[in-house]
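Note that ligands are numbered from 1 as they come in the structure, with each ligand's atoms numbered from 1 the same way. Just so you know, these numbers come straight off a predicted model, no measurement behind them. Note that these values count all heavy atoms, side chains included, but never hydrogens, waters or copies made by symmetry.
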Amino acid sequence: MKFLQYSVLPFLLVVVILSLSGATLAHSHGDFLLCLSLHLANSSTISKVIYMRNNPSYSSVLNASIQNTRFSTPATPKPLAIITPLKTSHIQSTIYCSKKHGLQLRIRSGGHDFEGLSYVSEVPFVILDLLNFRAVKVDTKNKVAWVQSGATLGELYYGIAAKTKTLAFPAGICPTVGIGGHFSGGGYGILIRKYGLAADHIIDAQLIDANGRILNRKSMGEDLFWAIRGGGGNTFGIVLAWKIKLVPVPAVVTVFTVNKNLEQNVTKILHRWQYIAHKLPDDLYVDVGITKVSSSQAGKKTVQVAFIALFLGGVDELIPLVQERFPELGLAKENCSEMSWAESVLYFGRAPRKSLDILLDKNVIPRTIFKAKSDYVKEPIPESGIEGFLSMFLEKEADFAAMLMVPFGGKMEEIPENELPYPHRAGNLFQASYIVGWRKEENAESGKYISWIRRFYSYMATYVSKSPREAYFNYRDLDIGSNNISGYTSYQQASIWGFKYFKNNFKRLVQVKTTVDPMNFFRNEQSIPPLSSP
Ligand code: FDA
């Protein structure tokens with residue numbers, strides 16, 4: 001004990017008492033905390049880094065990054081402790097101690113995982129929350145940036161916009177999404193047709209592996225560097241930071257929204273969109289959002305289809321282009337607004353556009369309870385098929401349901417399927433995703449909403465990719481398959497979900513995992529398993 005500072009002792013006493021009171025914490029939990037506190041060995045650091053269940057701030061730190069509140073109920077399994085490292089050595093100590101004492105580690109950046117896997121586990125676990133790793137360094141001269149995993153997309157976009165209006169980054173539209181999970185699963189946004197995915201623009205990374213080694217692109221090698229750019233988080237290591245290439249955009253871009261509902265011939269327009277959207281010039285992105293809304297007839301509901309677009313240019317160039325290529329939309333100048341690219345992110349994220357400071361607000365997107373699923377569509381859906389899914393939005397379980405159709409083509413058509421783990425490239429007309437939400441008071445009836453989205457997904461089966469039925473990793477869906485909660489998961493079992501997310505790239509991901517983490521230290525319900533049992 002000589003090497004410990006005197007002030008650490010009260011903390012250690014708490015740890016020892018907790019470890020001895022088996023009713024409160026299992027023995028290994030106390031051992032883990034003792035191990036970690038010995039490694040940190042500084043009382044002021046310990047109080048800023050370790051949040052145990054009896055800490056008054058435990059709940060607020062846990063809840064601060066829970067986006068899907070389906071996983072924030074009294075019945076949700078809670079971590080033994082939340083570790084919020086201030087420096088790299090704290091992460092290395094957390095890996096060492098959780099490995100030594102058999103606790104599962106869940107890595108959390110922005111906490112937007114659809115199934116809550118970054119902060120929920122059925123086996124004893126601790127959360128490593130990267131909330132203090134959020135630096136963004138933008139170098140406009142070389143058109144690159146370093147961004148730490150705990151930063152949000154909003155913080156990255158703000159950092160770019162603070163320096164220039166003519167550089168951007170092709171990632172998601174929700175400013176509160178965390179960099180760590182988003183980049184690990186691919187990451188797409190409104191620049192997807194022009195530039196592809198976020199992962200396509202990562203040129204270096206800093207990662208800590210299961211042995212606590214700090215690696216960069218050169219020292220990790222090209223196989224592991226390939227795997228972390230889309231092969232999913234919580235599998236290969238903890239990515240601390242990413243070096244990204246920024247992309248050019250005009251200082252002024254144009255956005256528009258055109259809403260059509262069931263009474264406005266929407267089926268035919270949506271049917272046409274499928275033939276047009278993926279073939280438009282790469283500078284034009286027109287996605288589709290479908291929701292139930294109030295009809296103009298009192299007391300009635302209808303289905304609204306919103307065509308929302310980003311054009312990398314001015315309104316005067318956009319209007320004739322859309323009138324020529326997609327006249328059915330009836331686009332008028334009053335539907336359009338010119339703005340900077342960073343403002344267009346807020347427009348798409350439905351965030352208020354008063355000031356770009358909103359990009360820094362971690363609470364700007366309301367937290368909701370939801371279940372979501374995704375698909376890829378390679379052939380246009382016939383009008384009868386469209387009518388069928390639009391009518392499902394009129395069912396009572398769909399009050400808080402939505403469908404998003406993201407056009408592909410452009411850059412996505414050019415990148416080979418095995419370039420990165422994300423395989424859904426050429427030949428896709430669009431990505432479809434479905435989401436259903438409900439109110440907290442309705443939690444007891446959550447089953448009926450989940451049944452609705454499963455029925456919706458079954459209905460779509462006829463019209464979407466098959467063998468495998470592809471899915472987007474970042475729209476995590478445990479319905480499509482899962483690893484064993486504890487114990488070994490075979491290649492065959494993981495293939496059930498693995499080929500849906502990664503197609504043939506799954507095989508290479510398993511090889512990389514077997515090489516870099518054969519003991520399967522980094523794992524969750526949908527992490528890539530090593531080839532043989534550790
Ligand atoms: P979170 O912290 O929950 O992590 C997700 C997974 O990655 C977990 O398994 C976690 O353990 C692991 N992980 C996190 N940080 C890691 C790190 N540093 N190293 C290793 N593993 C790590 N997607 C998209 O492509 N485009 C979009 O526009 C949107 N929009 C969107 C809006 C909203 C409201 C939500 C809830 C989600 C999206 N998404 C999205 C999906 C999003 O990309 C996906 O949920 C990401 O995994 C979220 O990353 P976070 O870091 O926030 O999640």
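At least one heavy atom of Y472 sits closer than 4.0 Å to an atom of ligand 1. Distances from ligand 1 to the non-hydrogen atoms of R106 include no value under 4.0 Å. Contact analysis leaves G185 out of contact with ligand 1, as no non-hydrogen atom separation drops below 4.0 angstrom. Using a 4.0 Å heavy-atom cutoff, S527 is absent from the residues neighbouring ligand 1. Using a 4.0 Å heavy-atom cutoff, G111 is listed among the residues neighbouring ligand 1.
Here the heavy atom of the protein found nearest to atom 26 (N) of ligand 1 is Y188 O, 2.8 Å. Looking only at heavy atoms of the protein, atom 9 (O) of ligand 1 is closest to R476 NH2, 3.2 Å. Scanning all protein heavy atoms for the shortest distance to atom 3 (O) of ligand 1 gives S118 OG, 2.6 Å. When hydrogens are left out, the protein atom nearest atom 12 (C) of ligand 1 is G233 CA, 3.7 Å; that is the closest non-hydrogen contact. The nearest heavy-atom contact from the protein to atom 15 (N) of ligand 1 is S109 OG, 2.7 Å. Regarding atom 52 (O) of ligand 1, its nearest protein heavy-atom neighbour is G178 N, 2.8 Å. For atom 38 (C) of ligand 1, the nearest protein heavy atom (residue, atom name, distance) is V177 CG2, 3.7 Å. Protein heavy atom in closest approach to atom 19 (N) of ligand 1: V239 N, 3.0 Å.
At a 4.0 Å heavy-atom cut-off, ligand 1 touches L130 through the side chain alone. At a heavy-atom distance under 4.0 Å, only side-chain atoms of Y475, from C-beta outward, approach ligand 1.
Comparing R523, H182, Q526, H112 against atom 36 (C) of ligand 1, the shortest heavy-atom distance belongs to H112. Of the listed residues (C174, G181, S433), the one carrying the non-hydrogen atom nearest atom 30 (N) of ligand 1 is C174. When the heavy atoms of I107, L105, N234, L404 are ranked by distance to atom 10 (C) of ligand 1, first place goes to I107. Considering each of T368, D113, I66, the one bringing a non-hydrogen atom nearest atom 8 (C) of ligand 1 is D113. When the heavy-atom distances from atom 41 (C) of ligand 1 to N524, T176, N474 are ranked, the shortest goes to N474.
For ligand 1, the atoms closer than 4.0 angstrom to any heavy atom of F114 are 35 (C), 36 (C), 37 (C). Interface of G172 with ligand 1, defined as ligand atoms under 4.0 Å from a residue heavy atom, comprises 26 (N), 27 (C), 28 (O). For ligand 1 and I173, the ligand atoms under 4.0 Å from any heavy atom of the residue are 28 (O). Within ligand 1, the atoms closer than 4.0 Å to a non-hydrogen atom of Q67 are 36 (C), numbered from 1 in the order shown. When each atom of ligand 1 is checked for a heavy atom of S149 under 4.0 Å away, the hits are 18 (N). For ligand 1, the atoms sitting less than 4.0 Å from at least one non-hydrogen atom of G187 are 25 (O), numbered in the order shown with element in parentheses. The distance from ligand 1 to the heavy atoms of R108 drops below 4.0 Å at these ligand atoms: 2 (O). Each of the atoms 19 (N), 20 (C) of ligand 1 lies under 4.0 Å from some heavy atom of G237.
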> Which is it for R425 and E414 under the salt bridge (charged side-chain N to carboxylate O under 4.0 Å, His left out) test, yes or no, and what are the steps along the way?
Replying inline: CA-CA 8 Å; R425 306 277 191 169; E414 293 165 20; over 6 Å; no
> Where do F502 and F473 land on the ring-ring contact (aromatic ring centres under 6.0 Å, His included) test, with the steps shown first?
Replying inline: CA-CA 8 Å; F502 303 114; F473 181 86; 5.5 Å; yes
>> I'd like to know whether F430 forms a ring-ring contact (aromatic ring centres under 6.0 Å, His included) with W273, so could you lay out the CA-CA distance, the side-chain angles of the two residues, the decisive distance to 0.1 Å, and finally the verdict.
In response: CA-CA 10 Å; F430 59 94; W273 174 89; 5.2 Å; yes
>> Pair E525, R476 - check salt bridge (charged side-chain N to carboxylate O under 4.0 Å, His left out), show working.
In response: CA-CA 10 Å; E525 289 80 344; R476 194 194 298 282; over 6 Å; no
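For the atom pair CG of N234 and CG of D113, the computed distance is 9.0 Å after rounding to the nearest 0.5 Å.
Remark: aromatic rings of F236 and F521 are distant, center separation not under 6.0 Å. In this structure, F370 has its ring center at least 6.0 angstrom away from the ring center of W438. With ring centers used as reference points, H278 lies 6.0 Å or more from F408.
Using a 3.5 Å distance cut-off with no hydrogens or angles, the side chains of Y422 and E417 do not pair a donor with an acceptor. For the residue pair Y119 and T76, no side-chain donor N or O sits within less than 3.5 Å of a side-chain acceptor on the partner.
Side chain of R350 to backbone of L346: no donor-acceptor contact under 3.5 angstrom is found. Using a distance-only test at 3.5 Å, with no hydrogens or angles considered, no donor-acceptor pair links the side chain of N484 to the main chain of G487. With hydrogens and angles disregarded, a donor-acceptor distance shorter than 3.5 Å links the side chain of Q148 to the backbone of A135. Between the side chain of E419 and the main chain of P416, no donor-acceptor pair closer than 3.5 Å is present.
Looking at ligand 1, you'll find an N or O of G110 within less than 3.5 Å of one of its N or O atoms.
Between Y475 and Y472, the ring planes are perpendicular. Angles over 60° get that label, and only those under 30° would be called parallel.
Residues S465 and K378 come closest through the heavy atom pair CB-CE, 3.5 Å.
Looking at L153, I365, L356, T152 one by one, the single match for side-chain contact (heavy atoms from CB on, under 4.5 Å) with P175 turns out to be I365.
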